[in-house]
Every structure is written in structure tokens, then in C-alpha cells.
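Structure first, commentary second.
Proteins get letters first, then strands, A, B, ... in listed order; numbering begins at 1 in each.
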2 protein chains.
Amino acid sequence: MPRPSQLDDKRRELLPVVAGVFTRLGYRRATTAELSEACGVQENILYRLWPDKKAMYLAAIDFVYEFSEQTWLRLLERDGGGASSARRLLEYESHHHGEFGHYRILFAGLPEIDDADIRAALRRTFARFHRFLLAQMLTQRSGGGGAAACPAELAAWAAIGLGTIANISRELGLLDDAQRRGLIEQIGGLLLSSGGAGRPSAGRGRRASKHTLT
Amino acid sequence: MPRPSQLDDKRRELLPVVAGVFTRLGYRRATTAELSEACGVQENILYRLWPDKKAMYLAAIDFVYEFSEQTWLRLLERDGGGASSARRLLEYESHHHGEFGHYRILFAGLPEIDDADIRAALRRTFARFHRFLLAQMLTQRSGGGGAAACPAELAAWAAIGLGTIANISRELGLLDDAQRRGLIEQIGGLLLSSGGAGRPSAGRGRRASKHTLT
DNA sequence: CTATAGAGTAAGTATTCACATACAGTATTG
DNA sequence: CAATACTGTATGTGAATACTTACTCTATAG
């Protein structure tokens, strides 16, 4: 028999490089020539690892979440000095949110959203972020007694929106580092204390749902 | 003298059509052939109205804000039954946010953000949205007495983030209409009562700024 | 050693697309 | 009317680029 396949290893090795190019150039402007050059291989090699450019991009999308999750899990493994996981994540993100720019990979997918594969990959990625954040917010709840109130799920979505606008404002130079930090800290704290905790969300939620129809 | 130029009229007439194509296809995939066909003219005509495809896109970006602003101003001109402008906008948006899909034009610009012109246009657009929302949130303040507290500006950014994630969740089918409505109502209400009003933001803001460094 | 198939190199290609050119029609002013 | 510049049509083109093909080299199994 001939030598065993090293395709899986090679994929793992090159994926961060590929993701880096998509981060820098987006989906359309990342040419296969650029991708292969950054990887230090010929284009052909990339086509043996992935069937086409779209597959490379789909792999990069998954990479975005997995990279974030790894970072967060590593953070939570460390000693937290008593603060809740959600608070520690918030603290961390207020200083490091978006520092690798991987969110650009997701931004690049939004204009391609009518492609079923890209849509599915983005959907999965946002859903995973939501699931992770929601879990963190729920563990911060007082006892864990009360049934899963609707607001926590919404607060988790709002937190993703907060991160998104923080990234956009970074890209556009609309907020500097300190302002972005304040944005994440203050609004993030607001979301945590309203959506995560059972206590204050009752009165506050009642007032906010003045217009609720359902 | 020959006939007077109708270029301005033509631009105004075709801009919504052009914006519609960019809404549907984004920046890269909107070909000049598609644009001209949608406008019912030859490509050449578009090149007499705008110097290149990018200029057409830049015009579409400005169109996004101006269209929204017109809609909102028309809404606020109507009788509001005593509710504050901010509340009425929130009510309206909870039902109609993103219904024209124009936000896709902005999404399409994010991967092109290293182009100085596109970046400037996006920056201007987001800044205009922020200015408008902030003004609405500030008019809702109790007397108008207290100095412009920092949280109101942040709350306005968070509101834009809320709208952004609402649009993303719409695109990805992550939230249905009712869920998106709840998201905008509840989190929007939270932002209004925290960032806009002087009263509750004091205690709440103090608590949220536990991590504030500056 | 040698046969096999994976790993790597170097071209080519078909297509798409932004933009250009060349030309015909028409409305307005003196 | 007649001259002018605007309005419109048809076709061309050169560059970019995703993907292919043909080929060589190399490591492993028997």
C-alpha cells in the first residue's frame, strides 16, 4: 500500500491561514491565488483539501466559532476569583472583543446569504454563539429555580447584537477602544442584570413589555 | 442652447431601482448588466449618471439612511396619542424593522471596508442613524435637565446593534416575526428606560459600571 | 526493489464582468 | 431651420479568476 493520507492534517494546518485570508479580504476578494500563496502551496493543493473555494470559506466560518469557544473555555478554566462565568466573560470581552477580526469572516458571508450552504453555516455559527452565551447567562441566575424566562434568550441575542455593533464601530472608527470597552461593559452589564437574573427583570420586563401583543 | 440636462432627475429616478438590486444581490454580485437591466436602460446610461459601479453603490448607501429617516419623520408627523417619539419609533420598528431589506446594502459594504470611500459612506450612515436615535432617546428624558449622560450615547449604539442582530436573525431564519418583535420591544424598552431616562439609569448605571476603568 | 498512490509543480482555459467605443435619435435655443 | 448637446443603442475588450489538466517526485507496502 502507498503512503497514508495526510489530508486531514494538512487541512487542520492550513485552515487558520485560510481563515486569516478570509478575515483580511472577505469571501469574494479572497482569490484562490491569494489563498494558496498565503498557505505557501499551489492552488491545486487547496483543491485537493476542499472541493472548491466555497468549501474553504465554509470551513473558515466554523473556525470562527471554534476559535472563540476555545478562547472562552480556556479563560473559564482559569481561576476566576469568585466572579460568575458571565461576568468574567464580559470583563474579558470588554478588553479583547474582536481583536482577531474573525468576525469579518461572518460579515463576508452576509451578502452571500442566499446560498443555502453559506446560510446554513452562518445560521449554525450564530446559533452556537447564542447557545453558549445563553448558558453563561443562565448559570448566573440566582438559584436556577425559576423556569427559563423568555428575556434571557432575548438578552443573549442582544448580547450578540452588542458584540456586532462593537465590531462594526471598530471597523468604521466610530468608537475608540475605551468607548467600545464602555459600551460592552455597561450595556453588557445591563443585559446580564436584566436578562440573566430573575430579580430585576420582573419589574423591568413588565414595563418594557407595555407594547407586547402576544 | 441644447436641451437642459436631466441627469439629476434620472439619478433620482433610478437610485431606488439601483438600491433594490444592491439589496437583492449585494455589492459584488450586483453586475452592471443586472443593474442596467433592472433600470430598463443600457449599461452606458448608468455610466453617464455615475462614474463607476462603486459610485452607484455609494449612492445606494446614502439612500438607505435617507429612506429610513423619511419613513420615521413621516411617522412622527402623524398623531402619536401622547406617547413619546422614542416609544412610537420603538413600537413602529418592532413591527416593521428591516421590512425593505435595505440593511443588506450596508451588510454588503462591510467586506469592502478597506476601500476608503465605502468606509466613509458606511461610517457616515451609521453615524447618522446614531445621531437620530440619540436625539430621540434624549427627548424622552424627563425634563431635559441633566447633562448628556454617557449611557444615552451607548444605549443608542446598542439600539443599532439590536436592529442589526434582528436583521441578521431574520436573514438566517433564527427568529420568527413574533420573536423579533419581542426582541425589539423588550430590549429596546430596556435601552430606552436605562439610557434615555435620567431616573433609573442612575442606580442601574452605577451597578453596571462596576468594571469601568476610565 | 518496485509498484502504487499520495504530495507537489506549472502551466492553461473558459467565463465573467466592469467599463469603453462608435454611432443614431431627439429636444431645445437662437 | 439649424446647430448643439443630451438621450439612447449595440457591440467590443482586456483583465481577473475559479477551476483544470498534465506532469514529476516521493514515501510506503509487499
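In terms of polar N and O atoms assigned as donor or acceptor, the side chain of A:R48 never comes within less than 3.5 Å of the base of C:dG6 in a complementary pairing.
Remark: B:E185 CD to B:L162 CG distance equals 11.0 Å, nearest 0.5 Å. Atom CE of B:M137 and atom CG of B:L192 lie 5.0 Å apart (nearest 0.5 Å). Considering CD of B:E13 and CG of B:L49, their distance stands at 9.5 Å, rounded to 0.5 Å.
Sorted by residue number, the members of residues 35-44 of chain A with any non-hydrogen atom under 4.0 Å from DNA chain D read A:E43, A:N44. Annotation: proximity of residues 52-63 of chain A to DNA chain D (heavy atom, distance under 4.0 Å) is found for A:D52, A:K53, numbered in ascending order.
Residue order along DNA chain C, read from the 5' end via each residue's closest nucleotide, puts A:I45 first among A:I45 and B:P51.
Annotation: the terminal axes of the helix from C:dC1-D:dG30 to C:dG30-D:dC1 meet at 10°, where each axis is the rotation carrying the C1' atoms of four end pairs onto the next four (5 pairs per end, rounded to 10°).
In this structure, the side-chain contact (heavy atoms from CB on, under 4.5 Å) partners of A:E34, at least two apart in sequence or on a different chain, are A:V21, A:R24, A:L25, A:T31. With sequence neighbours left out, A:W50 forms a side chain to side chain donor-acceptor pair (under 3.5 Å) with no residue at all. For A:T32, the side chain to side chain donor-acceptor pair (under 3.5 Å) partners are A:E43, not counting sequence neighbours. Partners of A:E69 under the side-chain contact (heavy atoms from CB on, under 4.5 Å) rule, at least two apart in sequence or in another chain, are A:Y65, A:L73, A:F132.
Screening residues 19-45 of chain B for ring pair (Phe, Tyr, Trp, His ring centres under 6.0 Å) gives B:F22-B:Y57, B:Y27-B:Y57 as the qualifying pairs, with residues at least two apart or on separate chains. Sorted by first then second residue, the side-chain hydrogen bond (donor to acceptor under 3.5 Å, both in side chains) pairs that include residues 108-117 of chain B, not counting sequence neighbours, are A:R29-B:D114, B:R28-B:E112, B:K54-B:D115, B:K54-B:D117. Among pairs with a residue in residues 156-189 of chain B, those fulfilling ring pair (Phe, Tyr, Trp, His ring centres under 6.0 Å) read B:H130-B:W157, at least two apart in sequence or across chains.
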Quick one: which protein N/O atoms are closer than 3.5 Å to N/O atoms of nucleotides 13-16 of chain D? Pair and distance per line, please.
none

Distance-only donor-acceptor hits, side chain of residues 102-111 of chain A, under 3.5 Å, sequence neighbours excluded:
unit_1	atom_1	unit_2	atom_2	d
A:Y103	OH	A:E171	OE2	2.5
A:R104	NE	A:E171	OE2	2.8
A:R104	NH2	A:E171	OE2	3.3

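The distance between atom CG of B:L14 and atom C1' of D:dG8, rounded to the nearest whole Å, is 13 Å. One interatomic measurement links the two molecules: OH of A:Y47 to C1' of C:dT13, which rounds to 13 Å at whole-angstrom precision. Atom CZ of B:R28 and atom C1' of D:dA18 are 15 Å apart (whole Å). Between B:E34 atom CD and C:dT16 atom P there is a gap of 14 Å when expressed in whole angstrom units. One interatomic measurement links the two molecules: CG of B:L25 to P of C:dA18, which rounds to 11 Å at whole-angstrom precision. Look at CH2 on A:W50: it is 14 Å from P on D:dC19, rounded to the nearest Å. Per the geometry, CG belonging to B:L46 stands 13 Å off P belonging to C:dA20, to the nearest Å. For the pair A:D8 CG and C:dA7 C1', the computed distance is 15 Å after rounding to whole Å.
In the set D:dT7, C:dG8, D:dA18, the nucleotide with an atom closest to the side chain of A:K10 is C:dG8.
The shortest distance between side-chain heavy atoms of A:D62 and A:R128 falls below 4.5 Å. Contact of the A:P16 side chain with the A:F63 side chain is registered, since non-hydrogen atoms from C-beta on lie closer than 4.5 Å.
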Next item on the list: Start with the C-alpha gap between A:W72 and A:E93, add the side-chain angles, then the distance that decides, and say whether side chain to side chain donor-acceptor pair (under 3.5 Å) holds.
Entry: CA-CA 9 Å; A:W72 288 340; A:E93 284 300 302; 2.7 Å; yes
